[in-house]
**Student:** 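I'd like to ask you about the structure that follows.
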Number of protein chains: 2
Amino acid sequence: MAKTTLKSLAQALNMSVSTVSKALNDSYEISEVTKRTVQEFAKKHNYQPNVHAKFLKTGKTNTIGVVLPKMTGSFEAQIIAGMQKAATAHHYRTIIMNTMENEELEKLALQSMLDKSVDGILFCPIHEESNIDLAKQILKTTPVVIFDRTHYPIETHKVGVLNAEGMYNACKHLIDIDRRKIAIFCGAHQGITTKRLSGYIEAHHDFQIPVTPEYIVHCNVKSLVDLQDDLEKHVKSLLQLPEPPNAIVGVADTITTHLLGILAKLDIKVPETLAVIGFANTDLVLSLNPSLSTIRQPTTEIGEISVHKLVEIMQKKNRSQIEWEDIKLPTSIQLRRSTIG
Amino acid sequence: MAKTTLKSLAQALNMSVSTVSKALNDSYEISEVTKRTVQEFAKKHNYQPNVHAKFLKTGKTNTIGVVLPKMTGSFEAQIIAGMQKAATAHHYRTIIMNTMENEELEKLALQSMLDKSVDGILFCPIHEESNIDLAKQILKTTPVVIFDRTHYPIETHKVGVLNAEGMYNACKHLIDIDRRKIAIFCGAHQGITTKRLSGYIEAHHDFQIPVTPEYIVHCNVKSLVDLQDDLEKHVKSLLQLPEPPNAIVGVADTITTHLLGILAKLDIKVPETLAVIGFANTDLVLSLNPSLSTIRQPTTEIGEISVHKLVEIMQKKNRSQIEWEDIKLPTSIQLRRSTIG
DNA sequence: TTGTAAGCGTTATCAA
DNA sequence: TTGATAACGCTTACAA
């Protein structure tokens, strides 16, 4: 069972390699009869062009590389689904590399793409400075689109959401239901956190509520266990304040969802004692305790638009003239029992 | 900024291409001085060998391809994390292709690996017959390991769990707490479902409880909406039986976790009215309503062992002599409020 | 309409 | 210890 190559096909068909190649590529130079013969024969022998050899000639791999820091929940799954759908529509395949929030792995992932094993990269960096020099270097030769964590100082298209606005809306909703003592639970990834925090502060200003510094807490998100410990610690100390909060907004999926577990464990009533709302794209909203009010990101769209933008760059001849866009999609808010009793 | 190749290095250093190549590969034929000069110069110019050209010569890509049907939850994320860890240890990189439970996409994914863009494949098939001919053909030239859904009729290493035993233990636990009227909620993927169902039946036999056919329900898992509709329908009709069940076991992650949402929606008390336990590897057990008793699969291990087995095949000269193993790892059971009030 | 031949960036063989 | 050359599988001028 020797592998089927152009050569082996040519030999078997008694034609030249280039005729076979052209026939398979549907070239106008080749007669219909020959084309059909070749194509049928190739299919019968399950010919698959060798992408590596092809690359050597064309410099194209028809592959988009996705580099992202984790794949632990629905959020990432939805984004990737959107990317795959759009990529397939553009006749690209996608390969995914997970950096596990680890800069060393991120470096390896990016480097292994530097060798031109992909035509373009969709990149969600670990933080604002991670592997920035490498990224800049890659950018010289390979199109890159930054998604989700768009606070990354390289000049290219970026696709994210209106983070401040999303958080503003969450706070506004809490204020509307008369929960004005709002604690905010932040994580790492400063760019996004900062934006969301600014939405929190803006809402307080607009509604003339003073910002209580103690209500702004930062959680250790290094590992799940760390996060859970930290959440518990913060909840406890907040509730011991002279003026404890009556609501919590979560800055990210993991924080918001795991917070519910901690509150259940501590037997704190949600929403009676503490209303909870936060950024979250988990599928499990209804199974949570209680069902969770969320700020949802348009994940599928983020994925799709990222691909469209990348394809746009890849197809452009004169890349130096592109005007880079920083696309911010709106979030939506969905209310459930965790804020409306 | 022309790309750095062996040729460009050779020219700049005034050496031959083959000398440079050997120097970079640390060949014994090359003097230490030359090696150092070349290696330093190459690093300074950020030389990255072209994997495609390399492949053409060596037939190796140092890449493992992972083909799996979905990536929606912690279960998949944990398996992939295990794979990536083990692959990195063996100096392989991994690329992931998500087939979205779609046979056509699965075919594309497998085909795009047939062209030898990977050295080996870790494959979790959609169902027992999906793309079986293609898989068999791939197997002739490329090592494959089947993971998770191991009821797939090709001859190679397989890595899964003791499905019947896991379900047996779940039932035993329910029986221990005197919940003897157990409904089982099944999904698709017949192989695994069948095994788990057999554990259910075996437990009933061992404890001399008759199996009630109405307690065995099959859910439509095509989409999340379908699943939720179906879950609601089944729960309602079960509770209208003359002899309603007092416990439910879930056969898979999605079924078990979303079931909780439906029960909450219908305002059915868990565990008072219905105790719930099931296969689930979600991180969110504690945040669920109520905290969920689970049968956990050793996901990281599944991932790691799959890679080890694959590497074993890839390194073997004489592949026809390998004795294929069907590895079954034990599950563990974790009890929380959904079964122990 | 078909065939010849060069070349993409490597590695491997053999010669110098 | 180094260098010239062929080959991997493919595309593409150019020639026939």
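Computed from a predicted structure; not experimentally measured. A note on names: the letters A, B, ... follow the listed sequences, proteins ahead of strands, and every chain is numbered from 1.
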**Student:** If I take atom NZ in residue A/Lys60 and atom P in nucleotide D/dG9, what distance separates them, rounded to the nearest angstrom?
**Tutor:** 23 Å
**Student:** Between A/Val17 and A/Glu29, which is nearer to the 5' end of DNA chain D once each is assigned its nearest nucleotide?
**Tutor:** A/Val17
**Student:** Please report the distance, rounded to the nearest Å, between CG in B/Leu9 and P in C/dG9.
**Tutor:** 12 Å
**Student:** Between D/dG3 and B/Ser16, is there an OP1 or OP2 to side-chain N/O distance shorter than 4.0 Å?
**Tutor:** yes
**Student:** Given C/dT10, C/dT2, D/dG9, identify the nucleotide with an atom nearest to the side chain of A/Ile30.
**Tutor:** C/dT2
**Student:** Before giving the answer on salt bridge (Lys or Arg N to Asp or Glu O under 4.0 Å), spell out for A/Glu301 and A/Lys309 the whole-Å C-alpha distance, their side-chain angles and the decisive distance to 0.1 Å.
**Tutor:** CA-CA 12 Å; A/Glu301 261 186 281; A/Lys309 283 305 180 185; over 6 Å; no
**Student:** Examine C/dG9: is either OP1 or OP2 under 4.0 Å from a nitrogen or oxygen in the side chain of B/Thr5? Give yes or no.
**Tutor:** no
**Student:** By nearest nucleotide on DNA chain C, pick out whichever of A/Ser18 and B/Thr58 is the more 5' one.
**Tutor:** A/Ser18
**Student:** How close do B/Phe55 and A/Asn50 get, heavy atom to heavy atom, and via which atoms?
**Tutor:** CE2-ND2, 3.2 Å
**Student:** Are B/Glu101 and B/Arg149 within salt-bridge range, i.e. N to O under 4.0 Å?
**Tutor:** yes
**Student:** From the list C/dT10, D/dT2, D/dT11, which nucleotide is the closest neighbour of the side chain of B/Tyr47?
**Tutor:** C/dT10
**Student:** Nearest whole Å is fine: how far is D/dT5 C1' from B/Lys57 NZ?
**Tutor:** 10 Å
**Student:** Looking only at the side chain of B/Met15 (C-beta and beyond, no hydrogens), which of the listed nucleotides D/dG3, C/dG9, C/dT1 gets closest?
**Tutor:** D/dG3
**Student:** Separation of B/Glu32 atom CD from D/dT2 atom P, in whole Å?
**Tutor:** 11 Å
**Student:** Select one nucleotide: of D/dT11, C/dT2, C/dG9, the one nearest the side-chain heavy atoms of A/Ser21.
**Tutor:** D/dT11
**Student:** Quick one: A/Asp26 CG to D/dT11 P, roughly how many Å, whole number?
**Tutor:** 13 Å
**Student:** The side chain of A/Lys22 is closest to which nucleotide in this list: D/dC10, D/dT12, C/dT11?
**Tutor:** D/dT12
**Student:** For B/Thr19, which contact category applies under a 4.0 Å heavy-atom criterion: base, sugar-phosphate, or nothing?
**Tutor:** base
**Student:** Please find out if less than 6.0 Å separates the ring center of B/His308 from that of B/His90.
**Tutor:** yes
**Student:** What is the distance, to the nearest angstrom, from the OH atom on A/Tyr28 to the P atom on D/dT12?
**Tutor:** 11 Å
**Student:** Quickly work out the B/Asn50 CG to C/dT11 C1' distance and round it to whole Å.
**Tutor:** 13 Å
**Student:** Taking the six-membered ring for Trp and the full ring for Phe, Tyr or His, determine whether the centres of B/Tyr47 and B/Phe41 are under 6.0 Å apart.
**Tutor:** no
**Student:** Just call it for A/Ser31: base, sugar-phosphate, or nothing, with non-hydrogen atoms closer than 4.0 Å on any strand.
**Tutor:** sugar-phosphate
**Student:** Rounding to an integer number of Å, can you tell me how far A/His52 NE2 sits from D/dT11 C1'?
**Tutor:** 17 Å
